[in-house]
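Note sheet for the following structure.
Reminder, nothing fancy here: chain letters follow the sequence lines and each chain counts from 1. All values below come from the heavy atoms of this structure, side chains included, with hydrogens, waters and symmetry mates left out.
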2 protein chains.
Amino acid sequence: MDRIETMRAFMAVARDNSFTAAGRRLGLSTKLVSKYVRHLEAELQTQLFNRTTRSVSLTDVGSAYLERCRPILEQLDELDALVRERQGALAGPIRLTAPTGFGSTRLPAALLPFLKQHPDVELDMTLTDSRVAIVEEGFDLAIRIGSLRDSTLIARKLVDMPLVLCAAPEYLNAHGRPKDPRALATHVCLVNNNQVDLNVWRLRAGGREHAVRHRATIQANSPGALARLAEGGLGITIAPLYTVEAALDSGRLERVLPDYETDVFGVYALYPPNRHLTRRVRALIDHLAGEFSR
Amino acid sequence: MDRIETMRAFMAVARDNSFTAAGRRLGLSTKLVSKYVRHLEAELQTQLFNRTTRSVSLTDVGSAYLERCRPILEQLDELDALVRERQGALAGPIRLTAPTGFGSTRLPAALLPFLKQHPDVELDMTLTDSRVAIVEEGFDLAIRIGSLRDSTLIARKLVDMPLVLCAAPEYLNAHGRPKDPRALATHVCLVNNNQVDLNVWRLRAGGREHAVRHRATIQANSPGALARLAEGGLGITIAPLYTVEAALDSGRLERVLPDYETDVFGVYALYPPNRHLTRRVRALIDHLAGEFSR
DNA sequence: ATAATTATGTACAATATGGAGATAAATCGG
DNA sequence: CCGATTTATCTCCATATTGTACATAATTAT
């Protein structure tokens, strides 16, 4: 058995806490993943996981091993990619994380030409609306929207993303259409709790900014989920345009206070400064900047 | 095929410039080494070696690959050793180089108890009297005798090693026994050309130092070889005690100018400062210091 | 010029691999 | 609380891969 393969199997199980999920990720049967990990444990003469029939957790040795084998396998991937890149082609893995909404709408369209042009690049994309520790979790690149929290990363602006204040006609017919930002205080507000300041929406008109304080009646960490809830008539939300533009076009959502300007979020590519930026990651960032600037 | 195994085979061939020598080093047949390297080249889709039927050399890609896979495999060895050491035992490879004479006499006796006590330590010992680039050639530890040249390494004194001026009775009967250091100038002198100052031997008596200039009629980089040549009656040599003490005891060699003191060389353990000194290397150095201080 | 050595191709017996079927245990849903 | 479902693993086995043996070609040494 190939040691590299068994280590990858181990890492996948550790990541997903599941042999079955790891098998899905790796394209291997659960039996084979199980066999690989047992083989690695036999070679190392130690137990890497505690297991029951329905759950898996790392032992202390397993945690220590995981921490150390991750960079080794990354270097190996880099080495393979280097050899292939010396032959001219971009190659190797790119581990990318992005918000679910953006990552399942605008981003795939932007990625497609790049991936077609570079078939040896292996994209591993994780969509999540939770905060992600980019370096610790082994990502090469993260797409982030809105205010940035982690200043240790390099941020490159890809595009501006306007927010849109909107609600379903059903909701507005029942509760009235606010004529003034202050009126929002009496409405049900659906709030993205990934944002820095949960309870304040900023609106501008005639050169004046209104920092509207409202009650965050419903909150979630997914702007897409909030948009769907707004479509369902639960209340008013403020969401990035990409999550609601289809609903606006079809009439399922209406703009609220359309004469007011909302914040514009930046869409950023984030990557760690101390990681040697590989050619392919650099190339992808440049490509995305080009795609979104059109 | 195991990627790690194929990479190790590749590295061994690169090191020895020979599939046959690599096979001997690894305990594999030449055919298998050849097969492994070809498999690696197929996986990477590149040529790592240029070959004729009797010679091997690295391609440019092969050189670049070698440079990068060495630390990866070292880290993997470290990782395996770490897992075993967590179970309490010192484990993993120690790559040691030492001079041939010392390395085949005093050193093995000193190493033996350590290796018996730590069966999971895998000693890889290279004896050479040539200068060795310790870091570049992948050694963890070098034993050196005499003046030190490379100040970037940490040197720990293990023991003092006196030099002995001596010749065979056959030579001395034929050419006379020098009564004074200056008389050496008329003798055949066998000189270790690893030493800094080839043509000067330093002798001391009555508080006075005599820097004896002589002609280096015969020179070699092996004190053991010089000792054997002196035993054969070729001339006078000055050699570390360990290379000649058996011949002195048996009468095959005699001390020359025995009332004069010679230089005392230090025996040093040298290791790189920037390499994280593993527990087992540290333990070995401590052990050797203890052995030689008795 | 011949012998020895090195690297490799081909064939094949031996061994390992990966899948299938079955089992045991934990968790979920009714 | 019980049955169904899911997960992890064991055992068996057909298939694929491995590592060795024999042979070949080419280079180097004697």
Residues 5-15 of chain A side chain polar contacts: donor-acceptor under 3.5 Å, at least two apart:
unit_1, atom_1, unit_2, atom_2, d
A:T6, OG1, A:R3, O, 2.8
A:R8, NH2, A:D77, OD1, 3.1

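Between B:P99 and B:Y242 the shortest heavy-atom distance is CB-OH, 4.4 Å.
Heavy atoms of A:V33 sit nowhere under 4.0 angstrom from any nucleic acid atom. Nucleic acid contact class of A:Y36 (heavy atoms, under 4.0 Å, all strands): sugar-phosphate only.
Toward the 5' end of DNA chain D, the nearer of the two residues A:S18 and B:L28, judged by each one's closest nucleotide, is A:S18.
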Expected rows: protein N/O vs nucleotides 27-30 of chain D N/O, under 3.5 Å:
unit_1, atom_1, unit_2, atom_2, d
D:dT27, O4', B:T53, OG1, 2.5
D:dT27, O2, B:R54, NH1, 3.1

Output one line per pair: protein atom, nucleotide atom from nucleotides 8-10 of chain C, and distance, for all N/O pairs under 3.5 Å.
unit_1, atom_1, unit_2, atom_2, d
C:dT8, OP1, B:R51, NE, 2.1
C:dT8, OP2, B:S34, OG, 2.8
C:dG9, OP2, B:R38, NE, 3.3
C:dG9, OP2, B:R38, NH1, 3.1

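When rounded to the nearest whole Å, the span between CD of A:Q47 and C1' of D:dT9 equals 13 Å. Nucleotide D:dT17 holds its P atom 14 Å from the CG atom of A:D2, rounded to whole Å. With rounding to whole Å, A:R24 atom CZ is found 11 Å from D:dT6 atom P. Across the protein-nucleic acid pair, A:N50 atom CG and D:dA8 atom P stand 14 Å apart, rounded to whole Å. Summarising the geometry, the separation between CG on B:N17 and C1' on C:dT6 is reported as 13 Å, rounded to the nearest angstrom.
Atom CZ of B:R228 is separated from atom OG1 of B:T237 by 10.5 Å, given to the nearest 0.5 angstrom. In this structure, B:L284 CG and B:T278 OG1 are separated by 9.5 Å, a value rounded to the nearest 0.5 Å. One distance of note links CG of B:L79 with CG of A:L44; it measures 7.0 Å at 0.5 Å rounding.
Side-chain atoms of A:E41 come within 3.5 Å of backbone atoms of A:F49 as a donor-acceptor pair (strictly under, hydrogens ignored). Side-chain atoms of B:S55 do not come within 3.5 Å of backbone N or O of B:R51 as any donor-acceptor pair.
Salt-bridge annotation for B:E85 and B:R280: present, with a side-chain N of the basic residue lying under 4.0 Å from a carboxylate O of the acidic one. At a threshold of 4.0 Å, the pair B:D140-B:R95 counts as salt-bridged, since one of the basic side-chain nitrogens sits closer than that to a carboxylate oxygen.
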